[in-house]
Number of protein chains: 2
Amino acid sequence: MSGTRWLTDAEQRVWRDFSVAVNMLRAHLESQLQRDAGMPHAYYEILVVLSEAPGRVLRMSELALATRSSRSRLSHAVARMEANGWVRRESCDTDKRGSFAQLTAAGLAALAEAAPGHVEAVRESLFDVLTPDQVRQLGEISAAIRGKLAPRCAEAEAAELERLEHGD
Amino acid sequence: MSGTRWLTDAEQRVWRDFSVAVNMLRAHLESQLQRDAGMPHAYYEILVVLSEAPGRVLRMSELALATRSSRSRLSHAVARMEANGWVRRESCDTDKRGSFAQLTAAGLAALAEAAPGHVEAVRESLFDVLTPDQVRQLGEISAAIRGKLAPRCAEAEAAELERLEHGD
DNA sequence: TACCTATGGTTGAGCCCTCAACTATTTCTG
DNA sequence: CAGAAATAGTTGAGGGCTCAACCATAGGTA
């Protein structure tokens, strides 16, 4: 007996449509940003978060949290962005392990340059094709998924801790 | 005057929720599949499409189309999957440029092994958290996005052709 | 104080993807 | 038929991501 709860035909159709739609949207936005602003979407998000932080500085770990990024990924990304002159790393006096990521003027300019095209792309390919009702529905659906997955992440981390602790 | 149609606060909230939800979902499914079946999601999709093809064979270009993949990506992927023993390339008699991708027994077995966990993950993190109404809504929303972006892809291709043609 | 562990962050390897260039074959056109 | 253009597919470089290993510092605890 297979305990697997397979998808019904209707579910399968929805899942495939959703999957394709999301992949197309991702690919579209990614390539728009790469082509017109020379940055991947992940870097755009980092710039956004930094630009909204007080003083446009953030501890690496805070930045990782805010962008839901692993520390490793962020470290690689900031290294490259620093090479681009968009960000500057600064050491922390009160905790010598820590470091800050400081948005530079060039970084802010790059963001300002990139934003209109990106926002226009989001509007065109998402909000323009949905009714106000659908936008509301999408918000609720997204919240539901987040609600499920966010705790799941925490739980996975906890399990990981457990695993490490017991040397299992 | 900025011609940019910026997002309203409400739109911005929906966009960020959506963005985060989709990223979490992607990451969750990707890591589940990688951990439990040792394959990225893209390879899973290739296996699915191949398994559903008559004779479990498909021309590379058909496979690329069906998986909405670039030929390059598919070529790299199939190369690796062939190394894994999941797929076998076969040359085409009627068109000597062409080649077939043939799903092997091992490939089918890998898919059969991977499917239950993957489907369960999809169900848990998506269908279980949505009401039947929301599932329907998500289907319509996805169709709307596809409807917008699918022609846009064709259009981009056409523009590309144009560009090449005029040596622009 | 001396350890022991937890935390902040970086690094390198390996994998997947994109992009552009390339080969080989086929089809179209004069 | 000869040459041009389109098609099928591969390849290599380069970039971003993940994973695991790794420093260095901080914060307990004996």
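For the numbers below, each heavy atom of this structure counts, side chains included, while hydrogens, waters and symmetry mates do not. Per chain, numbering begins at 1; letters A, B, ... match sequence-line order. Predicted model only: the values in this text are computed from it and were never measured.
Rounded to whole angstrom, the span from the CG atom of B:D95 across to the P atom of C:dA24 amounts to 15 Å. Across the protein-nucleic acid pair, B:N23 atom CG and D:dC17 atom P stand 11 Å apart, rounded to whole Å. Atom pair B:E62:CD and D:dA8:C1' shows a separation of 12 Å (rounding to whole Å applied). Per the geometry, CG belonging to B:L33 stands 17 Å off C1' belonging to D:dC17, to the nearest Å. Protein atom CZ of A:R71 is 14 Å distant from nucleotide atom P of C:dA6, rounded to whole Å.
Separation of atoms OG1 (A:T67) and CG (A:L50) is listed at 9.0 Å; rounding is to 0.5 Å.
Residue A:Y43 has no polar side-chain atom (N or O) positioned under 4.0 Å from OP1 or OP2 of D:dG15. Phosphate contact (OP1/OP2 of D:dG9, side-chain N/O of B:R59, threshold under 4.0 Å): present. Between B:R80 and C:dC16 there is a side-chain polar atom (N or O) within less than 4.0 angstrom of OP1 or OP2. Considering only side-chain N and O atoms, A:R89 lies nowhere under 4.0 angstrom from the phosphate OP1 or OP2 of C:dG9. Proximity of A:S75 to the phosphate of C:dT11: no side-chain N or O atom is located under 4.0 Å from OP1 or OP2.
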Using the 3.5 Å cut-off, write out each protein N or O paired with an N or O of nucleotides 19-22 of chain D and the distance between them.
unit_1: D:dC19; atom_1: N4; unit_2: A:S72; atom_2: OG; d: 2.5

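Using a 30° and 60° split on the angle between ring planes, B:W15 and A:H41 fall in the perpendicular class, above 60°.
A 4.5 Å side-chain heavy-atom check between B:M39 and B:L33 finds at least one atom pair inside the cut-off.
Residues A:A42 and A:K96 each lie close to DNA chain D; by heavy-atom proximity, the contact nearer the 5' end of the strand is made by A:A42.
Remark: the B:R97 side chain and the D:dG9 base include no donor-acceptor N/O pair separated by less than 3.5 Å.
Checked for salt-bridge contact, A:R16 and B:E52 meet the test: a charged N lies under 4.0 Å from a carboxylate O.
Hydrophobic clustering keeps A:L47 apart from A:F100 (ILVMFWY residues linked when any side-chain heavy atoms are closer than 4.5 Å, directly or through intermediates).
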